[in-house]
Amino acid sequence: MTSALEPVSRRRFVAGAGAAATALSLTRSAVAASKPRVIVVGGGFCGAPSAQYLRLWSDPQIEVPLVDLRPKHVSCVMSNLVLSGRLGLRRLTFDLRELTAKYGIDFVRDNAARVEGRTGRLRLENKGWLGYDRVVVSTGIEFERLPGWNSRVMPHAWIAGWQTGLLRKKLQAMPASGTFVMTVPKAPYRCPPGPYERACTIADYLGRKAGVLGARRSSGGTPKVVVLDANDGITAERETFTRAFEELYGDIIEYYPGVHVESADSAGLALETNLGTFTGDVVNVIPTHRGSGLARRSRLLADSHWAPVDPVTYESTLAESKGVHIIGDSQATGQPKSGHMANAQAKVCADAIIRSLSGQSPYTHERLANLTTNSACFSPITRDEASWLTAVFAYDLPSGQMKLVPGSLGEAGDWNSQSYEDMFTWSSNLFADTFG
Amino acid sequence: MAFTASRRRMVGCAVSFGIVLCCPVATLGEDATIDRLLASQCAQCHGTDGYAVGDIDELAGERFKDLNEDMRDMQREDRPENIMDHQALGYTEEQIRRIAAYYAALPEHRSGEE
């Protein structure tokens, strides 16, 4: 159980006064600072709200450096609409430096090399060592290696940004009745309905482009969207996506469950699988996920390739990782991996850290009995219709896990234009609460 | 440096409203930060501290009775039909009361806004 934080000597970051400055590797006997320091690494859907709420809820009495190599974060949420041409990438791009002004967060533009839990230091690639009282690792995912795969030729577009733009360009350039091949990674992966949503939005886009969907019909060929799913079936909103695949896109989408992609021939735009070779005009490979590179280098991952944490605090349960919290896609509590859920975890984590730093336990019966998170999302199914999915999780004391609350899991089972509009309202609020 | 979790909210609510009885609040002695954490889970859809963007219900400053009863009504739906019906089933009556009390105690508008 976590008790009140023991007094820890603060290790100060010696900022480079000019490029030649050398950051010192400081020991535990370094000069004490006036405020506790909680470093947040990664400015995405869990990192950004972590930093905000650590400041908001501490009055603000915690120093919060936010470390990210990129000052702007591009949202994966809603990014499938960029692929279909319904949204521009700029609308999904958020400048993390705006958090500094609003919440007094220190933006540190650098790459985090590793967390050294034993000594309470974070190694930055350029600026050296940075000591902390707590660190929050919010660095997303890494992909498992796939032999022959080149993401510049077969984009994943599953970490939003230039990859999204690249896949969009390839879709625009492909022949009207061409073939789009995509893979669905083995669960667990980021955004359970996401790949199926992508299949629908791209089927709609290509179908309209080819004139086989929409008001303007032509006699050209029918495009194909080939979905190679590593899982035994659709993993989220099964009823909704099964109906969409069959009823809306029966002539376009070909769905294959139980597919293991063994290698990629990037030059030939082909995938070798247990069901044979699949080729396409555009190939979108979304490989199997694992915890982030930073988590891996910092030895925060278990054999499962995900980071085991205590869901009461999101603190690592591995030895020598006390004071290291991992939230969002890298953690292994079993809650779905999504931006909405990452935001939820950020608040639980921030609250736990503040309590610990102020000498209060995060393990009071009252807190454990009222510890919840939730997930909700909308998925575009057609050009102007969407479905939704939602669930609430609560801490279960006997098992020490977050468990789905009965009755709270729901899916739309259908799609409509009201949900499409609601999707924009939901995402606007999620973005505002996440990025300030 | 130590800083204390806030237990001030309930007292502040009573003082600023001047009348305790018109504003059903969480039982004195409850940890107000737990209300805050519970309520923060609504922010992903309803905005930070219930100050929403766009066409969705704002929660901040709404009447406790309305917030509490609306969520309880959603729980009693025979067939949950939308996201909120399912979300409401994720919470106990007690948690709904605490969430409603938290938002009811907030000003209707953020400071500096109309």
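Each chain gets a letter, A, B and so on, in the order the sequences are listed, and its residues count up from 1.
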The reported gap from CZ in R36(B) to CG in L56(A) (rounded to nearest 0.5 angstrom) is 8.5 Å
Here the pair of heavy atoms bringing K347(A) nearest to A43(B) is NZ-CB, 3.6 Å
Taking every heavy atom of E81(B) against every heavy atom of W388(A), the minimum-distance pair comes out as O-CZ2, 3.4 Å
To the nearest 0.5 Å, atom OG1 of T48(B) lies from atom CG of L430(A) at 10.0 Å
(request) Please check if atom CZ in R72(B) has more than 12 non-hydrogen atoms from other residues, nucleotides or ligands closer than 6.0 Å. (result) yes
Is the closest side-chain donor-acceptor distance between Q44(B) and D433(A) under 3.5 Å? no
Residues I34(B) and R355(A): closest non-hydrogen pair is CG1-NH1, 4.3 Å
Turns out that what part of Q75(B) lies under 4.5 Å from chain A's heavy atoms comes down to neither
Separation between CG (D351(A)) and CG (L37(B)), nearest 0.5 Å, reads 4.5 Å
Check this for me: E93(B), atom CD, are more than 12 non-hydrogen atoms of other residues, nucleotides or ligands nearer than 6.0 Å?
no
Taken to the nearest 0.5 Å, the spacing of S419(A) OG from I83(B) CD1 works out to 7.5 Å
Quiz prompt | N429(A) side-chain N/O to A52(B) backbone N/O, donor-acceptor pair under 3.5 Å | solution = no
Which of V348(A), L371(A), V392(A) passes side chain to side chain contact (heavy atoms under 4.5 Å, CB included) with Q41(B)? It is V348(A)
Rounded to the nearest 0.5 Å, the CG atom of D31(B) sits from the NE2 atom of H365(A) at a distance of 13.0 Å
(request) Test side-chain hydrogen bond (donor to acceptor under 3.5 Å, both in side chains) on T390(A) and Q87(B) and set out the steps. (result) CA-CA 7 Å; T390(A) 194; Q87(B) 282 279 321; 2.7 Å; yes
